[in-house]
Amino acid sequence: MKTREKILAAVRNNKPVQTGLPAINFHFDINGNLLKQFRNSLTASGAESVLGSWRQFRKHYEDQRMIYPSICNQVTSLDKTDSSVAGKNAAELAAIEICYLEGEFGVAENGAIWVSGRNMSNRLLPFICQHLVLMVRVDSLVGDMHEAYDMITTAREDYGGYGVFIAGPSKTADIEQSLVICAHGPLRLPVWIVEAEKV
Amino acid sequence: MPGSKHAIAAELFNADEPRTNWHDETLWFVRQKRDKAAHLIPDWEALREAASQIKNHTLSNLDDYLTAFEARARSNGVTVHWAADAAEHNEIILGIIRKHGIERIVKSKSMLTEECHLNDFLAKQGVQVTDTDLGECIVQLRKEPPSHIVLPAIHLKKEDVSDTFHEHLGTEKGNISPEYLAAAARSYLRNKFVHAQLAITGVNFAVAETGAVVVCTNEGNADIGVHAADIHIACMGIEKVIPQTKHLGVFLRLLARSATGQSITAYSSHFSKPVKGKEMHIVIVDNGRSTQLGRSDFRNSLKCIRCAACFNTCPVYRRSGGYSYHTTVAGPIGSILAPNLDLKAYSDLPFSSTLCGSCTNVCPVKINIHEQLWKWRQEVTKHGYSGKGKTIIMNLMAGILSSPVLYRVSGKLARWTMRHLPFLMKSKQFNLWYKQLEMPEAPAQSFTEWYKSNIK
């Protein structure tokens with residue numbers, strides 16, 4: 001008997017009596033202020049957050065473009081996106097100094113931002129660039145992970161085959177429990193929370 | 001159990017009392033962070049109950065969820081492999097490596113691959129794997145196994161890491177700054193990531209509804225490896241499957257809070273489809289799990305989400321360290337998982353506990369760990385592995401306790417000995433309790449004697 005059949009037969013034989021699934025009806029208390037809770041959670045995770053209008057965000061982008069020759073934009077409503085990165089390998093992408101990505105929504109409970117494969121031409125981008133600017137719209141914020149997964153399941157496009165909740169910069173406490181920020185990945189991770197729709 | 005593998009190893013560990021205290025405090029601190037996070041969630045107990053029920057339900061339909069998961073993953077373009085045991089798991093991975101002529105491999109934390117001793121197996125075949133979780137990277141350079149399933153290098157001090165990095169990465173001798181050391185690791189590992197051909201990851205949750213695997217890290221090392229390399233192999237035990245995407249909401253709210261006191265890890269990655277031109281493989285491993293599923297007293301242990309909250313709270317783990325358990329997954333959960341694999345080799349572990357029940361209290365999926373520890377003791381004894389000495393003593397005790405006369409006489413003798421022959425009580429050879437405990441004053445009377453003389 002093939003391994004697969006052997007394992008499944010053993011499982012079938014040994015599994016316990018059927019029990020049911022519980023209802024999932026939980027909510028995180030955002031204390032009446034989604035944005036404030038989101039920003040507090042971001043701070044707790046070690047991320048800096050900036051609240052601004054679309055115009056301010058666009059200005060920030062244009063300023064950075066003057067400073068950093070190697071800038072990679074993946075925010076479609078900001079500027080034309082760089083799709084050449086799709087074919088680049090890790091060594092080539094490592095040279096990118098600053099990358100702009102749009103998160104689909106933010107989660108107030110923990111400061112997590114859902115970044116889906118649909119919104120970037122190369123999945124390595126949020127991890128390999130030197131600085132990552134994550135943008136999320138204020139009206140996209142949800143309260144907790146239950147609402148987050150509601151958003152993800154109703155989106156139905158299988159989020160492009162890859163999605164990641166990013167909650168603050170890469171970190172580690174593996175050296176005698178001392179917290180070190182930016183273990184891997186970008187050296188800076190400012191999160192732009194953009195207020196108004198693009199004018 | 002005196003003379004047991006764990007007891008001997010723990011005694012060695014305890015010989016350095018300041019270090020034992022440091023290890024104890026460090027882990028208790030992690031427990032306290034967990035408490036802070038859990039107490040901020042009014043729904044915490046309800047979430048634990050929901051997680052427990054989801055896992056119970058899944059185990060009661062495990063074959064269906066596994067086949068559903070496999071079907072979805074396959075339709076996503078993922079290759080699914082099945083491994084009955086560690087050897088098969090290792091061969092499958094080696095097969096993929098040989099097929100593609102792979103030389104440069106990175107691995108993010110996977111306790112399953114540790115359980116299967118994958119790195120050692122591949123090394124014997126001339127294949128090197130770089131562990132990219134910083135804690136695992138450190139212990140790998142030191143040629144040690146991880147001592148904790150979430151914090152692999154928790155047993156090491158900054159000085160140890162500094163010495164290791166000086167030896168293997170060329171860092172400044174004596175520089176113990178965590179930022180400096182982490183930066184050195186970052187450079188070293190970034191180079192490995194950028195040139196990786198294969199990335200091996202573990203799986204925190206496998207979603208039957210979508211065929212996706214979810215990997216939670218703080219460093220992002222799973223993602224960097226997977227997206228830089230051409231091939232991704234995700235290794236999972238059969239018990240990692242959960243029914244639906246929405247259940248991730250429950251588990252992700254519990255996991256990081258239970259493990260480190262964070263509301264969520266920095267990265268929670270959902271992999272379902274490989275990018276065009278790349279390959280994704282999932283290896284589904286049994287390695288004794290289907291056997292455990294059949295043990296009605298112990299199947300609950302399969303609900304484990306490997307958060308290590310039980311390790312951090314356990315007074316025995318905190319004061320004996322992961323290596324004392326001489327098994328891949330140590331601590332309370334390890335002590336109820338390992339005996340299933342080899343009852344004789346791990347017969348000491350269920351006894352390496354005070355049965356205080358703290359583990360059961362913190363377990364996010366409500367595994368009754370302390371009850372299972374006690375039940376494994378029955379199994380160990382029934383099979384004759386609890387040691388002749390213990391059997392003799394227990395039979396002696398049973399005899400004394402079931403005879404009122406013998407009980408009174410032996411009590412009187414014990415009190416007399418404590419008063420008149422204290423050197424016997426204070427001999428660590430004869431009185432094992434005296435090794436770490438002060439002896440109480442011998443009471444003048446037994447309770448029965450007092451009662452008889454006072455209550456008419």
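Note that the structure is a prediction, hence the values are computed from the model and not measured. Chain letters run A, B, ... following the sequence lines, proteins first and then strands; every chain starts at 1.
Residue contact with chain A, scored on non-hydrogen atoms closer than 4.5 Å, involves the side chain of B:Gln244 exclusively. With a 4.5 Å cut-off on non-hydrogen atoms, B:Lys55 does not touch chain A at all. For chain B, the nearby parts of A:Ala91 are the backbone and the side chain; heavy atoms of each come within less than 4.5 Å. Heavy atoms closer than 4.5 Å to chain A are found in the backbone of B:Leu156, but not in its side chain. Using a 4.5 Å cut-off between heavy atoms, B:Phe251 does not touch chain A at all. Proximity to chain A (any heavy atom under 4.5 Å) is shown, for B:Ile224, by both the backbone and the side chain. With a 4.5 angstrom heavy-atom cutoff, B:Thr265 touches chain A only via backbone atoms. Of the two parts of B:Glu88, only the side chain, counted from C-beta on, holds a non-hydrogen atom closer than 4.5 Å to a non-hydrogen atom of chain A. Only the backbone of B:Thr132 comes within less than 4.5 Å of a heavy atom of chain A; no side-chain atom from C-beta onward does. Contacts of A:Val17 with chain B are made by backbone atoms alone, with heavy-atom separations under 4.5 Å and no side-chain atom involved. There is no contact between A:Pro126 and chain B, counting heavy-atom distances below 4.5 Å. Interface remark: B:Leu134 contributes backbone and side-chain atoms alike to the contact with chain A (heavy atom separation under 4.5 Å).
Taking the centre of each ring, B:Tyr267 and A:Phe127 come in below the 6.0 Å mark. Checked against a 6.0 Å centroid threshold, the rings of B:His227 and A:Tyr162 count as neighbours.
Against chain B, the residues from residues 27-46 of chain A that qualify, each with a non-hydrogen atom under 4.5 angstrom away, are A:His27, A:Phe28 in number order. By a heavy-atom distance cut of under 4.5 Å, A:Gln18, A:Thr19, A:Gly20, A:Leu21, A:Pro22, A:Ile24, A:Phe26 are the residues of residues 18-26 of chain A near chain B, going up by number.
The shortest distance between side-chain heavy atoms of A:Gln177 and B:Val30 falls below 4.5 Å. Looking at heavy atoms from C-beta onward, B:Trp82 lies in side-chain contact with A:Leu8 at the 4.5 angstrom threshold. Looking at heavy atoms from C-beta onward, B:Val275 lies in side-chain contact with A:Arg123 at the 4.5 angstrom threshold. Two residues are said to be in side-chain contact when any heavy atoms from C-beta on lie closer than 4.5 Å; B:Ile264 and A:Met145 meet this criterion. The side-chain heavy atoms of A:Glu176 and B:Ile176, taken from C-beta on, include no pair separated by under 4.5 Å. Looking only at side-chain heavy atoms (C-beta outward), A:Asp174 and B:Pro152 come within less than 4.5 Å of each other. Residues A:Phe165 and B:Ser269 have side chains not in contact (no heavy-atom distance under 4.5 Å, counting atoms from C-beta outward). Side-chain contact between A:Ile128 and B:Arg190 is present, with at least one heavy-atom pair separated by less than 4.5 Å.
Between chain A and the options B:Arg299, B:His81, B:Lys157, the largest number of non-hydrogen pairs under 4.5 Å is found for B:Arg299. Taking chain A as the reference chain and counting heavy-atom pairs below 4.5 Å, the highest number among B:Leu66, B:Thr67, B:Asn221 is found for B:Thr67. Contact count versus chain B (heavy atoms, under 4.5 Å) is highest, among A:Ala10, A:Ala94, A:Ala86, A:Gly163, for A:Gly163. Of the listed residues (A:Thr172, A:Leu124, A:Val180), the one with the most heavy-atom contacts under 4.5 Å to chain B is A:Leu124. The candidate from A:Ala47, A:Ala173, A:Pro16, A:Pro169 with the greatest count of non-hydrogen atom pairs under 4.5 Å with chain B is A:Pro16. Counting heavy-atom pairs closer than 4.5 Å to chain A, the top residue among B:Gly220, B:Ala153, B:Ala182, B:Gly77 is B:Ala182. Chain A forms the most heavy-atom pairs under 4.5 Å with one residue out of B:Ser268, B:Ser263, B:Pro243, and that residue is B:Ser268. Comparing B:Asp133, B:Thr291, B:Thr245 by how many heavy-atom pairs each has under 4.5 Å with chain A, the most go to B:Thr245. The most heavy-atom pairs under 4.5 Å with chain A, out of B:Leu302, B:Val250, B:Leu47, B:Leu62, come from B:Leu47.
The pair A:Lys15-B:Asp63 meets the salt-bridge criterion, since a charged nitrogen lies less than 4.0 angstrom from a carboxylate oxygen.
A distance-only check finds no donor-acceptor pair linking the side chain of B:Asn218 to the backbone of A:Lys171 [under 3.5 Å].
To the nearest 0.5 angstrom, A:Glu109 atom CD is 10.0 Å from B:Leu252 atom CG. From B:Gln262, atom CD reaches atom CG of A:Asn110 across 10.5 Å, with rounding to the nearest 0.5 Å.
For NZ of B:Lys303, the number of neighbouring non-hydrogen atoms (other residues, nucleotides, ligands) closer than 6.0 Å is greater than 12.
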*For B:Arg253 and A:His146, what are the C-alpha separation, side-chain angles and deciding distance, and is it a side-chain hydrogen bond (donor to acceptor under 3.5 Å, both in side chains)?*
CA-CA 9 Å; B:Arg253 294 187 73 202; A:His146 305 293; 2.9 Å; yes
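Annotation for B:Ala266 and A:Gly168: closest pair CB-O, 4.2 Å, computed over non-hydrogen atoms. For A:Ile175 against B:Pro178, the heavy-atom pair with the smallest separation is CD1-O, 3.8 Å. Taking both residues in full, the closest heavy atoms of A:Tyr159 and B:Ala212 are given as OH-CB, 3.7 Å, listed atom of the first, atom of the second, then distance. Of all the heavy atoms in A:Val11 and B:Ser290, the pair that sits closest is CG2-CB, 4.2 Å.
Between B:Phe193 and A:His184, the two ring planes are perpendicular [angle over 60°; tilted spans 30° to 60°].
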